[in-house]
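What follows is a single structure, written as structure tokens, with notes after it.
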Amino acid sequence: MVLRSSPLHVLAQWPGGRSTRFYDFKVQTTRITKLCNTKDIVTVNGMYPGPVVYAQEDDRVIVKVTNESPYNVTIHWHGIRQMLSCWSDGPSYITQCPIQAGQSFTYEFTLVKQKGTLLWHAHVSWLRGTVYGAIVMYPKAGVPYPFTYPYKEHIIILGEYWLKDVVQLEKAVLASGGGPPPADAFTINGHPGPNYNCSNNDAYKIDVVPGKTYLLRLVNAGLNMENFFSIANHRMTIVEADGEYTKPFTTDRVMLGPGQTMNVLVTGDQSIGKYSMAMGPYMSAQGIPFQNISAIAYFQYLGALPTSLSLPARLPSFNDNLAVKMVMDGLRSLKSGHVPKEIDQNLYYTIGLNVQQCHSPTPQQNCQGLNNGTMAASMNNISFVKPKISLLEAYYNRINGQFTEDFPGVPLKFYDFVNGAPNNSPNNTQSMIGTRTFVLEYGTRVQLILQDTGTVSTENHPIHLHGYSFYVVGYGSGNYNPQTAQFNLVDPPYLNTIGVPVGGWAAIRFVADNPGVWFMHCHFDIHLSWGLASVFIVKNGKGELETLPHPPADLPRC
Ligand code: C2O
């Protein structure tokens with residue numbers, strides 16, 4: 001008998017660049033004191049925020065994650081394209097089963113043509129609340145930035161901090177049927193700053209040399225809130241969003257939803273002093289309690305008295321939708337001409353909240369949602385239900401019964417999405433449930449309209465697609481109308497997370513050229529828990545670089 005290795009076994013990873021970067025992530029519980037309260041949180045390597053992954057464009061990155069915590073863990077590399085490495089994407093029950101206590105898993109991927117700032121975070125329960133960090137990807141050696149070289153750079157991670165254990169918190173909120181409590185504090189690089197109890201000295205600070213220009217790598221790693229960020233008396237020039245260069249755009253404030261990243265340049269061109277950097281809430285929905293105290297950090301010139309009062313940073317009011325639109329309008333890709341002009345697959349997904357009828361024998365405890373129901377969320381009015389094993393394994397190994405391939409490409413019923421309810425409006429606000437996927441042939445050019453609904457309350461939802469960035473070719477308010485919608489097919493921003501305007505829509509385009517099982521969901525963890533999610537299965541193409549390799553040997557078992 002002649003032994004020949006089947007072609008499947010020689011399948012290559014996506015070819016990497018010159019270097020491989022190794023990281024060792026130990027997920028562990030760490031004692032921390034914040035807001036005059038000492039507790040255990042889950043961290044990576046005892047750091048909060050976690051370690052920064054530094055690499056260069058086209059590098060191979062290998063991260064060994066060992067779970068020394070008592071919880072199930074996965075890590076997601078948010079915004080990494082994961083060419084042919086869907087197994088390393090990280091969303092629990094989508095591309096892998098969680099890494100159980102005492103186990104480890106090694107993530108491996110290539111940063112194909114990627115540079116800029118992204119983030120990594122836990123992608124299981126609400127552990128992302130403390131398990132997160134930045135990914136910094138430099139251009140290849142000898143390739144300059146398309147903007148003034150900064151004197152120094154700083155990472156600024158916006159976060160939310162809970163005094164309660166976040167894993168228990170998710171369980172309690174889901175069991176209640178109602179909404180989540182607001183975070184106990186906003187944080188900048190883990191520090192709440194002087195507006196919070198016991199936090200006068202728990203504030204992050206950047207030392208500024210007068211006249212120099214700084215690159216700030218802004219990351220929003222929060223759980224359930226979108227945030228404004230501004231610096232007193234200083235303007236910011238956005239040069240990159242979601243790890244892609246943009247045309248320089250100068251603004252007094254920015255807004256980032258959870259999962260979004262932005263690089264901005266700031267020049268120390270004001271008089272010597274101590275200036276505040278502020279992070280505050282952007283809340284576009286009605287009737288939801290939220291944290292309204294700003295986290296404060298300092299932008300402090302050398303020569304300023306450390307004890308001097310800081311100049312306050314002005315933030316837009318929490319419901320300033322126009323401020324959000326102005327930042328959106330300013331985002332343009334640096335280079336033109338890469339947007340797919342022809343479309344093979346037109347999709348239309350509604351996104352929004354629902355209230356299900358109470359089915360609990362103990363409604364007092366379990367049906368604390370609106371109208372004594374339980375809160376839910378959906379895409380095309382289908383609330384996503386997590387499967388028992390990972391969808392990618394189920395798909396790859398043809399295991400039946402875990403999912404269906406019938407996610408509808410358009411809403412099952414068209415009505416006034418912004419002002420109505422899906423079933424016999426205005427009263428029935430329920431959704432269906434299911435683990436439904438939409439299957440795309442390799443290479444399909446996709447246009448997807450994301451339409452916010454007002455079934456419960458309209459809201460700006462940060463929708464994130466795994467495995468791809470997409471061109472945001474249009475957005476607007478109200479119901480999407482193809483007759484009047486205006487598209488930018490020249491230089492739209494290329495993002496991985498889009499804040500779909502409150503009571504409005506966004507149109508995105510991408511080419512399905514990366515085989516695998518790709519999650520798409522609202523990046524508010526509460527909405528994800530409630531089912532505001534869907535899955536694309538992208539089939540293999542023909543060539544070696546169009547085929548998903550076998551799973552790694554250490555892929556965790558459920
Ligand atoms: Cu950053 Cu599925 O998420």
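Positions are given from 1, in the same order as the sequence printed here. In listed order, ligands and their atoms are each counted from 1.
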* Nearest heavy-atom neighbours spanning Glu108 and Arg60 -> OE1-NH2, 3.4 Å
* Judged by atom type as modelled, is there a donor-acceptor pair below 3.5 Å linking the side chain of Thr117 to the main-chain atoms of Leu218? -> no
* Could you pull out the N/O/S protein atoms under 2.8 Å of atom 1 (Cu) of ligand 1, ignoring any water? => His78 ND1, His121 NE2, His523 NE2
* Hey, what's the ring geometry for His464 with His76, parallel, tilted or perpendicular (30° and 60° as the breaks)? -> tilted
* Is there side-chain contact between Ile449 and Leu347, with at least one heavy-atom pair below 4.5 Å? -> no
* Would you please name every residue forming a ring pair (Phe, Tyr, Trp, His ring centres under 6.0 Å) with Tyr442, sequence neighbours left out? => none
* On the ring face of Tyr161, is Lys39 found with NZ or CZ under 6.0 Å from the centre and within 45° of the axis? -> yes
